[in-house]
> 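The structure that follows is given in the form of structure tokens.
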Amino acid sequence: MASNTIDLLKQELPVEQDSLLLNGDVKTGLVLVDIVNGFCTVGAGNLAPKQPDKQISTMVEESVRLARAFCDKKWPVFAFLDSHHPDIPEHPYPPHCIAGTDEARLVPELQWLENEANVTLKCKDCIDGFLGCMEKDGSNVFVDWIKNNQIKVILVVGICTDICVLDFVCSALSARNRGFLAPLEDLIVFSRACATFDISLHVARAVKDAIAHPQVL
């Protein structure tokens, strides 16, 4: 049943599934979405795993591997950090990734990125990182990053696949299609380096403002 559903989606959606080969022929940038303690480190917060989670740990391992490869070559890296003011809730989710706490920091395996010259870190207080990059003067930090680095392809990894990753990818694709992200040509989501959080129904009932979000349906 699951296989049939995936086949149907492949037929209907404008996406392609393929292997990944990175080289220096096309200017490529890496985008890390919310690989922070509040989503990835066991016991770090309301939306963090309650116990070791294979899907999330694999995502972190693959993201670290890619980040190392990009930084070794001095290729551009852009990292979103989910970061919320304690008095501004993000419904329908319980308080998470509060600004100034360890929840809103990169996971320990990626904190070295904070000292890399080719890395741009951007705190965001909303689901969609593209919108979270809007500045008061109307500029957009992510758009500027694309243009300043003359990036033609972005490789997107992170968490949560079906929420923050999806929203960012959809907005970036729309911006590209409208001509706002030149010279960007293509956007690749590396599925092995993406994950989503797991909140069962009984856990959600015990956490104020939480909703169930099973990792596997």
Side-chain angles (χ1 to χ4, degrees), residues 20 22 26-41 44-45 47-49 53 55-84 96-97 99 101-134 140-149 151-173 175-176 181 184 186-197:
L20 178 65
L22 296 174
V26 178
K27 190 64 176 289
T28 303
L30 176 65
V31 177
L32 307 168
V33 179
D34 293 344
I35 309 179
V36 296
N37 289 315
F39 292 136
C40 304
T41 301
L47 298 184
D53 186 294
Q55 186 183 117
I56 293 176
S57 61
T58 298
M59 177 273 296
V60 171
E61 291 168 3
E62 290 292 326
S63 298
V64 170
R65 183 174 64 85
L66 286 168
R68 289 284 184 194
F70 272 72
C71 287
D72 285 347
K73 297 179 182 297
K74 304 302 180 186
W75 291 354
V77 176
F78 194 103
F80 287 110
L81 310 177
D82 205 49
S83 181
H84 298 277
H96 62 280
C97 301
T101 70
D102 281 344
E103 278 192 64
R105 288 196 69 190
L106 288 166
V107 295
E109 298 93 329
L110 284 172
Q111 287 179 10
W112 55 272
L113 288 175
E114 297 171 358
N115 301 313
E116 295 291 324
N118 61 305
V119 176
T120 299
L121 302 178
K122 175 60 179 172
C123 293
K124 68 177 182 67
D125 60 357
C126 60
I127 294 171
D128 187 336
F130 189 89
L131 295 180
C133 283
M134 295 295 298
N140 186 291
V141 176
F142 177 74
V143 172
D144 291 344
W145 177 74
I146 292 288
K147 294 180 181 296
N148 292 340
N149 290 286
I151 295 170
K152 291 192 174 183
V153 177
I154 56 172
L155 177 62
V156 183
V157 301
I159 189 170
C160 298
T161 312
D162 54 320
I163 305 175
C164 294
V165 174
L166 175 63
D167 275 28
F168 166 73
V169 167
C170 288
S171 292
L173 283 173
R176 181 207 63 178
L181 274 178
L184 187 70
D186 203 3
L187 189 155
I188 299 168
V189 178
F190 185 39
S191 59
R192 285 190 59 191
C194 289
T196 194
F197 65 90

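Note that the structure is a prediction, hence the values are computed from the model and not measured. Heavy atoms only: backbone and side chains are in, while hydrogens, waters and symmetry mates are out.
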> Taking side chain as C-beta onward, heavy atoms only, is F70 less than 4.5 Å from T28?
yes
> Report the residue from C97, S83, C123 that forms a side-chain contact (heavy atoms from CB on, under 4.5 Å) with V36.
C97
> Show, in sequence, the C-alpha distance, side-chain angles and deciding distance for F80 and C133, and conclude whether the side-chain contact (heavy atoms from CB on, under 4.5 Å) test is met.
CA-CA 9 Å; F80 287 110; C133 283; 3.5 Å; yes
> So L187 and V153, do their side chains get closer than 4.5 Å, heavy atoms only?
no
> Do any N or O atoms from the side chain of N118 and from the backbone of W75 form a donor-acceptor pair under 3.5 angstrom?
yes
> side-chain contact (heavy atoms from CB on, under 4.5 Å) between R192 and M59: does it pass, once the steps are laid out?
CA-CA 6 Å; R192 285 190 59 191; M59 177 273 296; over 6 Å; no
> Taking atom CD1 of I151 and atom CG of L184, what is their separation to the nearest 0.5 Å?
8.0 Å
> Show, in sequence, the C-alpha distance, side-chain angles and deciding distance for C164 and K124, and conclude whether the side-chain contact (heavy atoms from CB on, under 4.5 Å) test is met.
CA-CA 11 Å; C164 294; K124 68 177 182 67; 3.6 Å; yes
> What heavy-atom pair brings C71 and L113 nearest, and what distance separates the two atoms?
SG-CD2, 3.8 Å
> As an exercise, state the distance from CD of E109 to OG of S57, rounded to the nearest 0.5 Å.
9.5 Å
> Hey, does the side chain of Q111 reach the backbone of L106 with a donor-acceptor pair shorter than 3.5 angstrom?
yes
> Describe, in one word, how the ring planes of H96 and F39 are oriented to each other, choosing from parallel (under 30°), tilted (30 to 60°) and perpendicular (over 60°).
tilted
> Using a strict 4.0 Å threshold on nitrogen-to-oxygen distance, state whether D186 and K152 make a salt bridge.
no
> Can you check whether F130's main-chain N or O pairs, donor with acceptor, with N140's side chain at less than 3.5 Å?
yes
> Kindly compute the distance separating OG1 (T41) from CG (D102), expressed to the nearest 0.5 Å.
9.0 Å
> With rounding to the nearest 0.5 Å, note down the distance linking CG in D82 to CD1 in I163.
10.0 Å
